[in-house]
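To start, the structure itself, in structure tokens.
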Number of protein chains: 2
Amino acid sequence: METRRRGRPPQYDRDAALAALTNAFWDQGLAATSLDALAAAAGMNRPSLYAAFGDKQAMYLDVLERFGEQACANVRLAMAAGDTPRTAVTALLRGGVKAYLAGPNGPRGCLAVCTATSEAVMTPAVREALQLVLRDLDAAVAERLAELGSPEPTLQGQLVAAVLHSLAVRARAGAGEAELLAMADAAAAQLA
Amino acid sequence: METRRRGRPPQYDRDAALAALTNAFWDQGLAATSLDALAAAAGMNRPSLYAAFGDKQAMYLDVLERFGEQACANVRLAMAAGDTPRTAVTALLRGGVKAYLAGPNGPRGCLAVCTATSEAVMTPAVREALQLVLRDLDAAVAERLAELGSPEPTLQGQLVAAVLHSLAVRARAGAGEAELLAMADAAAAQLA
DNA sequence: TGATTTCTGTACCGTCTCGCACTAAATTGA
DNA sequence: TCAATTTAGTGCGAGACGGTACAGAAATCA
């Protein structure tokens, strides 16, 4: 098992702290979330936060990258449930709606699309990280569509991901579940 | 002509100042744009900015509302060029790509989708204003599609607007023009 | 010509924010 | 048992930030 290290054992759990940081950034984005808010959310003092996760932007980039990985895993999981392009895309978009409507302070959509985009013009590291997340999401959708025999999975994957982007923005802007599900079903009917 | 008012005449031009505030908010969003940056952009002192436009959030909401109006006018103008749903949607999406790639500090997409979304969870006024902008955009697209004989213009309008949202986010994240135009054309081919 | 009105510009204020210095605490190892 | 190591916690400082008070400037009006 895990070898005990010298020195004072940390009181924080890294995964739990990252989850807490994710939640804080998901609600307010990078600029609007203070270090005090991040520290409070993680249950850590600021010096400990710095030692564990780096500066504020480094924390956000860490959160964004992990979020992208998790989002791709969710895409694969959701689309695995469908055995045709249509059923796979329906499952993906409907699952997206559910996820985007969740949040302790109200529907918060997708952390990447809904918060990283704002920082993208003036913060190259965020722009590049967001670009990677978007491309990985496109690729995950395209890959499953190819498996299911879609004739043009790359462009198709992009269009399906486009609907996900919009569903996320609309949910975060306050659109209702029925409206979002109707849009998801219409998109699946037309795109797959 | 315009009656001269008593007192010291203002040195700023309201429309020019609003345009400057729009540019500043478009690059960085609400939280990341400081008052000093806004004042510098508008060529005004902070007290004058406050007197003319209210507090920072009021400025942003003003900018967002006007942006939404202008965006709807742009949608109508772009779609008027098409005489079928397909040509109208193609013109709209291609025009959107051009607009989203512009910006003095790099591609900045759509001010509403790309910056207001981040603030939407924790700032009800921004969420509601964004919701209105999104709905007006949907309606503008749907209206023209109805004119051109689209069988289901409301849902269709939403899907086309969804592609616009995604194009904006992708442009701001650094996607290239060729890729965005290919996606725009594929979307027009499938949705109209 | 002075009063009144409206705007500009400087200074100021309180709070927030980021980041770090330093001490104390909690562990392992010699 | 004490040194070494690693982490937690408090306090600090400089600057940023949002916003306002107030004096001066520039106009109109009586």
Side-chain angles (χ1 to χ4, degrees), chain A residues 1-21 23-25 27-64 115 118-119 122-123 125-126, chain B residues 1-18 20-25 27-64 115-116 118-119 122-126:
Chain A
M1 43 224 50
E2 188 175 320
T3 311
R4 300 277 272 279
R5 294 175 62 186
R6 287 183 70 166
R8 182 170 171 167
Q11 278 182 315
Y12 69 96
D13 175 60
R14 191 175 176 85
D15 287 339
L18 259 173
L21 295 179
N23 278 325
F25 279 131
D27 277 341
Q28 306 192 37
L30 172 56
T33 311
S34 69
L35 270 167
D36 279 337
L38 293 169
M44 293 167 75
N45 293 288
R46 286 203 304 279
S48 304
L49 212 53
Y50 272 88
F53 298 106
D55 67 12
K56 191 180 163 189
Q57 182 176 117
M59 292 176 208
Y60 184 76
L61 291 173
D62 203 341
V63 156
L64 182 55
T115 78
S118 189
E119 309 292 339
M122 310 300 275
T123 314
V126 172
Chain B
M1 47 225 48
E2 189 175 318
T3 311
R4 300 277 273 279
R5 295 177 60 185
R6 286 184 73 171
R8 184 170 171 168
Q11 279 182 314
Y12 69 95
D13 173 62
R14 190 176 176 86
D15 287 339
L18 259 173
L21 295 180
T22 300
N23 278 324
F25 280 131
D27 276 342
Q28 306 191 35
L30 172 58
T33 311
S34 70
L35 272 169
D36 278 337
L38 293 168
M44 294 167 75
N45 291 289
R46 286 207 301 281
S48 304
L49 211 52
Y50 274 85
F53 299 106
D55 66 14
K56 191 179 166 191
Q57 183 174 119
M59 293 175 209
Y60 184 76
L61 290 173
D62 203 341
V63 157
L64 183 56
T115 78
S118 189
E119 311 291 339
M122 309 299 275
T123 315
V126 172

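Every chain is numbered from 1, with letters handed out A, B, ... down the list of sequences.
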Minimum heavy-atom distance [X]-[Y], with the two atoms named:
X       : Y       : result
B/Met44 : B/Ala17 : SD-CB, 4.0 Å
A/Ala41 : A/Ala24 : CB-CB, 4.3 Å
A/Phe25 : A/Lys56 : CZ-O, 4.0 Å

Residues in side-chain contact (heavy atoms from CB on, under 4.5 Å) with [X], at least two apart?
X        : answer
B/Arg6   : none
B/Ala125 : B/Gln57, B/Leu61
B/Gln11  : B/Arg8
B/Ala51  : none

| For DNA chain C, which nucleotides open and close the run of contacts to chain A, 5' to 3', at under 4.0 angstrom from a non-hydrogen atom? | C/dT17 to C/dG29

| Which residues satisfy the side chain to side chain donor-acceptor pair (under 3.5 Å) test with A/Thr115, sequence neighbours excluded? |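 For A/Thr115, the residues satisfying side chain to side chain donor-acceptor pair (under 3.5 Å) (neighbours in sequence not counted) are A/Tyr60.
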
Once you round it to whole Å, what is the distance between [atom2] of [N] and [atom1] of [X]?
X       : N      : atom1 : atom2 : answer
B/Leu49 : D/dC17 : CG    : P     : 15 Å
A/Met44 : D/dT10 : CE    : P     : 14 Å
B/Leu38 : D/dA16 : CG    : C1'   : 14 Å
A/Tyr50 : D/dG9  : OH    : C1'   : 16 Å
A/Arg46 : D/dC12 : CZ    : C1'   : 11 Å

| Along nucleotides 21-30 of chain D, 5' to 3', which nucleotides get a B, which get an S, and which get a -, given that the test is a protein heavy-atom distance under 4.0 Å? | B--BBBBBS-

| In Å and rounded to the nearest 0.5 Å, what is the CG to CG distance from B/Asp55 to B/Leu49? |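 One gets 10.5 Å once the value is rounded to the nearest 0.5 Å.
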
| query | Roughly how far, to the nearest 0.5 Å, is the CG atom of B/Asn23 from the CG atom of B/Leu18? | reply |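 These two atoms lie 11.0 Å from each other.
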
| Going by heavy atoms closer than 4.0 Å, what residues in residues 53-61 of chain B are next to DNA chain D? | B/Asp55, B/Lys56

| Using the C1' atoms of the five pairs at each end, what is the angle between the end axes of the helix from C/dT1-D/dA30 to C/dA30-D/dT1, to 10°? | 10°

Under 3.5 Å, sequence neighbours excluded: what are the donor-acceptor pairs made by side chains of residues 28-38 of chain B?
unit_1, atom_1, unit_2, atom_2, d
B/Thr33, OG1, B/Gly29, O, 2.5
B/Ser34, OG, B/Ala37, N, 3.1
B/Asp36, OD1, B/Arg46, NH1, 2.3

